[in-house]
Visitor: 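Mind having a look at this structure? Questions to follow.
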Amino acid sequence: MSEIRKPFPFAEFEPKWQSRWDSENTFRTPNPGDVGFDATKPKYYVLDMFPYPSGTGLHVGHPEGYTATDIVGRYKRMNGFNVLHPMGYDSFGLPAEQYAIKTGQHPAITTAANIENFRRQLKSLGFGYDWSREIATTDPEYVRWTQWIFLQLYSSYFCEEMNKAKPVSELENKGWSRDQIDDVRLAYVADTPVWWSTDLGTVLANEEVEEWKSKGHVVERRPLRQWMLRITKYAQRLMDELDTLDWPEGIKLLQKNWIGRSEGGEVVFAIADKSITVFTTRPDTLFGATYMVLAPEHPLVPQITTDENVARVEAYQKDCASKSDLDRGDLNKDKSGVFTGAFATNPVNGAQIPVWIADYVMMGYGTGAIMAVPAHDERDFEFANRFNLPILQVVRPLDDSDWQGYAASGIAVNSGFLDGLPTAEAKAKIIEWLVEKEKGVRKIQFKLRDWLFSRQRYWGEPFPIVWKDGHHYALSNVNLPLLAPPLENYKPSGTPEPILSKAREWVELPDGVTRETNTMPQWAGSCWYYLRFCDPENKERFISETAERYWSSDKPGMVDLYVGGTEHAVLHLLYARFWHKVLFDLGHVSTPEPFQKLVNQGLILGEDGQKMSKSCGNAVNPDDVISEYGADSLRLYEMFMGPLEQVKPWQMKGVEGVSRFLARVWRLAITEDGKLTEKIKAADCTDKELLRVIHETIKKVGEDIEKLSFNTAISQMMICTNALTQAETVPLKEFTQFLAVLNPFAPHITEEIHERICAKFDRSPGLLSEAVWPDYDDQALIRTECELVVQVNGKLRERIWISMDADEETAKDRAFASEKVKEHADGKTLRKVIYVPGKIINLVVS
RNA sequence: GCCGGGGUGGCGGAAUUGGUAGACGCGCUUGACUUAGGAUCAAGUGAGCUCGCUUGUGCAGGUUCGAGUCCUGUCCCCGGUACCA
């Protein structure tokens, strides 16, 4: 391969600066009590979503967010902040284990190798991380505290009165029994229908199901005994406290929808000697309930089904179970169902209404049963029409809409004592009535389910739990971390029996005590890593109180800026908030939220506008870009592509563009044979226009970084470079300021030029990365003259140079002096003059 | 269907208390330097034509001296989500 001449020798100086930052600990961040800690500095915590160290290494999406936070971190440092900007690895989890199975190597080995590769790649990008804080979720010392936090959940319950978690020891003191306490722990064991995947060999959380299905794995419903986390107790707080966060509205909404709060009521219907409760958001339509539907798997179904209907009901149930989620595709929306033969009594009017089962009612939501009001619910309406069930109007629309299937608010009709009431009032009144008659209650229903927390896999944190005589017990802290035993074969066995159960010696302890063999999901580690970064070496606590307080905000969220992809909207970001709130309730952290400001970087597409993937052949490897154009070019390009949050396609030509820009900056200072150009002069700058551009650049770049508007900041620096290129001389002082402004974006080249300049001009060669962000001079920004646009009747006719402080009269006279203006205005009457000094004068004539 | 985001040159994108549309970069054109140019420097580059004007920010209206920006209606694209009672 022929040697390509590089426009500037990045291959030489980039590694040089990287190792210098390393050896000098340039980006080490002191904690309170550390050498070099300065209590007068404000803190700033800027965090990336740490990567899962895959076998394929970084893709270009990683450097996008990482460069953005690096720029902000470096900028804040230069502005006098004590910046915490750490990096680590989310190294447990199913993909790591699958990769290990594929390569035939133990996941510990592949994970270590992958981490090493990620670290090399991250360092080659010149990120200013405090590498002394690097953590991996698989580190035994990290596992210790992940397990410790789990035990915090295990030994807590949710106190409804105080709306917060409290230690279960309080209940013990009150004399609660062992079983009673086990029923309220935030971490508990339950038999529930769960999502099980045979080929993955584990169960999955609701939130994860779609992702794995889309990768082609088969996931099915199955009742299993599992560890759950009682996140539902936090539903309301998780919802309400979103409002205190500076997050994209879209993400907040996604979480709100996932939590899915519905206000309504529960109504009890009698069926013969049994009763069944339904949840409804429209208790005001109770008079219109003409039938009832149970989920096919509802436990009451066998008890109420009449003999002559048993065969059909059972057939339907079977049908539903078999097609439960494979065939129940998106298109299959046709209503189906069968009559059970049973009748329920409508508590409000005693009406006998038929009880059906149908798969449009889900066992997993509400009570698994509904009262059907076909007149005012689209689904019930469709079902009633399909099976010729009565449709009774009980709401009069406010407009002239058809009442049939009208689901919005209106006025109650055909509803006895509710008649004439608007929906809101009718709801309140009927609930009052139901409560009085003990036939129902007001109820707030959430869509959010408790978090299925156990996995049957090998590559995860074991539960710090042992069993004896059917009871679970927490390991004491001295026994942490509890690490998984070495296993020869950790391939999925096809049964829900956890892999760890194969390690008999590890599982079976003396006196009939056995270990819990489930492991935690990958989310466990990522739920609290931002806390560990604050105090990663601590042996005594998961984070010291001093460090925790120091790195917390006076705002609700601890981390000042959190940047990452949108794919974690309802997974990691919800789970981490939940754990944080538990730790907050228990007094372990001092803020109610983990992440104050959240920004989602947009996906980078391939050059063809498609999602990057190996199979499409449109993937870009950062290593290749770095070896061809250098890390600074890659960083700069990713920031120049467009707004951080936007989806945008990769263009190799664009990398060349920013590389050319950096080459221009290089040539301002360095000649072809590596010497300093003669153009740089130490004398004061006399070129006012050049000064103005430079100070405008200092101002705009600073403002743009604060706004995370990196593309426009780079654009301004390009303008500045063009001005410097065209200038007679390059003023040393201002050029150094310019290098400081460019430094957070392109740290290597700016350090290199800076060092060479310092050598030539006998200046102290401190690191540019440790420079102070330059101040701009307001005076230098002032323009005395400007170009004024002259419009006649709103159309641009002329531009004139005029003093900034010219008054309207002067501007008007100057405008009318123009031939072009005369041409359009002569012979007409001037009706109005609109003058915006410095911008525009519009002459309205007719 | 619902929710969210977005439609601006050949391309990525600038510009919103309403005030020069297309900054900056890519690509393209021309010129200079050169043995050479996939380097560099300089100039140009929305479209149309009668070369000074007309037109131009998805589409159709409206408000205004003036609209990419505000209002009404409408179409399209992307992302999320889907029988949640």
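As a basis for the values below, the full set of heavy atoms in this structure was taken, side chains included, without hydrogen atoms, waters or symmetry mates. Letters go in sequence order (proteins before strands), and every chain restarts at 1. Since we're looking at a predicted model, the values are computed, not measured.
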Visitor: One character per nucleotide, please: for nucleotides 8-14 of chain B, 5' to 3', B when the base has a protein heavy atom closer than 4.0 Å, S when only the sugar-phosphate does, - otherwise.
Guide: ---SBSS

Visitor: Contact class for A:Ile834 (heavy atom, under 4.0 Å): base, sugar-phosphate, or nothing?
Guide: base

Visitor: Atom CD of A:Glu672 and atom C1' of B:C33: how far apart are they, to the nearest Å?
Guide: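 The distance from CD of A:Glu672 to C1' of B:C33 comes to 13 Å, rounded to the nearest Å.
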
Visitor: Measuring only the C1' atom in each nucleotide, how far is B:G80 from B:U16? A whole number of Å is fine.
Guide: 28 Å

Visitor: Considering only the P atoms, how many Å lie between B:G9 and B:A60, rounded to the nearest integer?
Guide: 15 Å

Visitor: Please state whether the phosphate of B:G27, meaning OP1 or OP2, lies under 4.0 angstrom from any side-chain nitrogen or oxygen of A:Arg660.
Guide: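 Yes, within the criterion.
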
Visitor: Under the 3.5 angstrom rule, does the side chain of A:Thr67 hit a backbone N or O of A:Arg635 as a donor-acceptor pair?
Guide: no

Visitor: Just do the side chain to side chain donor-acceptor pair (under 3.5 Å) check on A:Thr712 and A:Ser715 with the steps written out, would you?
Guide: CA-CA 5 Å; A:Thr712 53; A:Ser715 154; over 6 Å; no

Visitor: Which atom names give the shortest non-hydrogen contact between A:Leu662 and A:Asp632, and what distance separates them?
Guide: CD1-CB, 3.6 Å

Visitor: What integer number of Å spans the C1' atoms of B:A14 and B:G22?
Guide: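 So the two C1' atoms sit 7 Å from each other.
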
Visitor: Would you please test A:Gln236 and A:Arg261 for side chain to side chain donor-acceptor pair (under 3.5 Å) and show each step?
Guide: CA-CA 8 Å; A:Gln236 190 67 55; A:Arg261 183 183 195 272; 2.7 Å; yes

Visitor: Taking the P atom in each of B:C28 and B:G10, what is the distance between them to the nearest angstrom?
Guide: 16 Å

Visitor: Classify A:Gln726 by what it touches in the nucleic acid, base, sugar-phosphate, or nothing, heavy-atom distance under 4.0 Å.
Guide: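 Sugar-phosphate, backbone atoms only, no base.
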
Visitor: Looking only at atom C1', what distance separates B:U8 and B:A47, rounded to whole Å?
Guide: 14 Å

Visitor: Ignoring the backbone of A:Lys820, work out which of B:C53, B:A85, B:G19 is nearest its side chain.
Guide: B:C53

Visitor: Round to the nearest Å and state the distance from A:Gln716 atom CD to B:C24 atom P.
Guide: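 Distance check: A:Gln716 CD to B:C24 P gives 10 Å.
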
Visitor: P atom, B:C75 versus B:C59: distance in rounded Å?
Guide: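 It works out to 15 Å between them.
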
Visitor: Counting side-chain heavy atoms from C-beta on, which of B:A23, B:G27, B:C65 comes nearest to A:Ser715?
Guide: B:A23

Visitor: Nearest whole angstrom, please: distance from the C1' of B:C53 to the CD of A:Glu823.
Guide: 10 Å

Visitor: When you get a sec, tell me which of B:C24, B:G4, B:A85 is the closest nucleotide to the side chain of A:Val361?
Guide: B:A85

Visitor: Of A:Glu378 and A:Gly250, whose nearest nucleotide on RNA chain B comes first from the 5' end?
Guide: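 The residue whose closest nucleotide sits nearer the 5' end is A:Glu378.
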
Visitor: A:Phe661 has an atom CZ; how far is it from atom C1' of B:C24, in whole Å?
Guide: 10 Å

Visitor: Distance check: side-chain N/O of A:Arg667 vs OP1/OP2 of B:A39, anything under 4.0 Å?
Guide: no

Visitor: Using atom NZ of A:Lys812 as one end and atom P of B:C65 as the other, report the distance to the nearest whole Å.
Guide: 18 Å

Visitor: Can you classify the ring geometry of A:His376 versus A:Trp403 as parallel (below 30°), tilted (30 to 60°) or perpendicular (above 60°)?
Guide: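 The arrangement is tilted - the two ring planes meet at 30° to 60°.
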
Visitor: If you only use heavy atoms from C-beta on, which nucleotide in B:G4, B:U54, B:G66 is closest to the side chain of A:Arg797?
Guide: B:U54

Visitor: Tell me which of A:Asn722 and A:Gly794 sits closer to the 5' end of RNA chain B, going by the nucleotide each one is nearest to.
Guide: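 Its nearest nucleotide being more 5', the pick is A:Asn722.
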
Visitor: Would you please classify the geometry between the A:Tyr575 ring and the A:Trp451 ring as parallel, tilted or perpendicular, with 30° and 60° separating the classes?
Guide: parallel

Visitor: Less than 4.0 angstrom from a charged side-chain N to a carboxylate O is my criterion; do A:Glu703 and A:Lys699 meet it?
Guide: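 Looking at A:Lys699 together with A:Glu703, the answer is yes, because their closest N to O distance falls below 4.0 Å.
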
Visitor: For the pair A:Asp805 and A:Arg783, find out whether any cationic side-chain nitrogen is under 4.0 Å from an anionic carboxylate oxygen.
Guide: no

Visitor: Just confirming the chi classification of B:G52, syn or anti, using 90° around 0 as the syn window.
Guide: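 Here B:G52 takes the anti form, which means its glycosidic angle is more than 90° from 0.
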
Visitor: Select base, sugar-phosphate, or nothing to describe what A:Val789 touches, counting heavy atoms under 4.0 Å on all strands.
Guide: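 Base contact - A:Val789 has a heavy atom under 4.0 Å of at least one base atom.
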
Visitor: Using a 4.0 Å heavy-atom cut-off, does A:Glu787 contact any base of the nucleic acid, only the sugar-phosphate backbone, or nothing at all?
Guide: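 Since a base atom lies under 4.0 Å of A:Glu787, the category is base.
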
Visitor: Name the closest nucleotide to the A:Glu656 side chain, picking from B:G19, B:G27, B:C24.
Guide: B:G27

Visitor: Any idea which heavy atoms bring A:Ile802 and A:Ala811 closest together, and the distance?
Guide: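 Reported closest heavy-atom pair: CD1-CA, 3.6 Å.
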
Visitor: For the pair made of CE in A:Met652 and P in B:G27, what is the distance, rounded to whole Å?
Guide: 14 Å

Visitor: Check this one for me: any side-chain N or O of A:Lys795 less than 4.0 Å away from OP1 or OP2 of B:U55?
Guide: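 True: A:Lys795 side-chain N/O within range (under 4.0 Å) of B:U55 OP1/OP2.
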
Visitor: Which atom pair, heavy atoms only, marks the closest approach of A:Gly794 to A:Asn842?
Guide: N-OD1, 3.0 Å

Visitor: Hunt down any stem RNA chain B takes part in, defined as 3 or more consecutive Watson-Crick or G-U pairs whose two distances are each under 3.5 Å.
Guide: B:1-7 with B:75-81, B:10-12 with B:24-26, B:27-32 with B:40-45, B:46-49 with B:52-55, B:58-62 with B:70-74

Visitor: Quickly work out the A:Asn600 CG to B:C78 P distance and round it to whole Å.
Guide: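 The distance from CG of A:Asn600 to P of B:C78 comes to 20 Å, rounded to the nearest Å.
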
Visitor: Heavy atoms, side chains only, cut-off 4.5 Å: are A:Glu696 and A:Gln716 in contact?
Guide: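 A:Glu696 reaches A:Gln716 side chain to side chain.
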
Visitor: Assign A:Arg831 to base, sugar-phosphate, or nothing according to its heavy-atom contacts below 4.0 angstrom with the strands shown.
Guide: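 The residue A:Arg831 makes no contact with any strand.
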
Visitor: Looking only at side-chain atoms of A:Arg664, point me to the closest of B:C53, B:A23, B:A42.
Guide: B:A42

Visitor: Looking only at atom P, what distance separates B:U20 and B:U57, rounded to whole Å?
Guide: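 After rounding to an integer number of Å, I get 15 Å for this pair.
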
Visitor: Check every strand shown and say whether A:His824 touches a base, only sugar-phosphate, or nothing at a heavy-atom separation below 4.0 Å.
Guide: sugar-phosphate

Visitor: Could you give the distance separating B:C78 and B:G18 at their P atoms, to the nearest angstrom?
Guide: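 Rounded to whole Å, the distance is 33 Å.
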
Visitor: Can A:Tyr291 and A:Phe383 be said to form a ring-ring contact (aromatic ring centres under 6.0 Å, His included), step by step?
Guide: CA-CA 10 Å; A:Tyr291 64 101; A:Phe383 191 83; 5.5 Å; yes

Visitor: Take atom CD1 of A:Ile840 and atom P of B:G66, then tell me their distance rounded to the nearest Å.
Guide: 12 Å

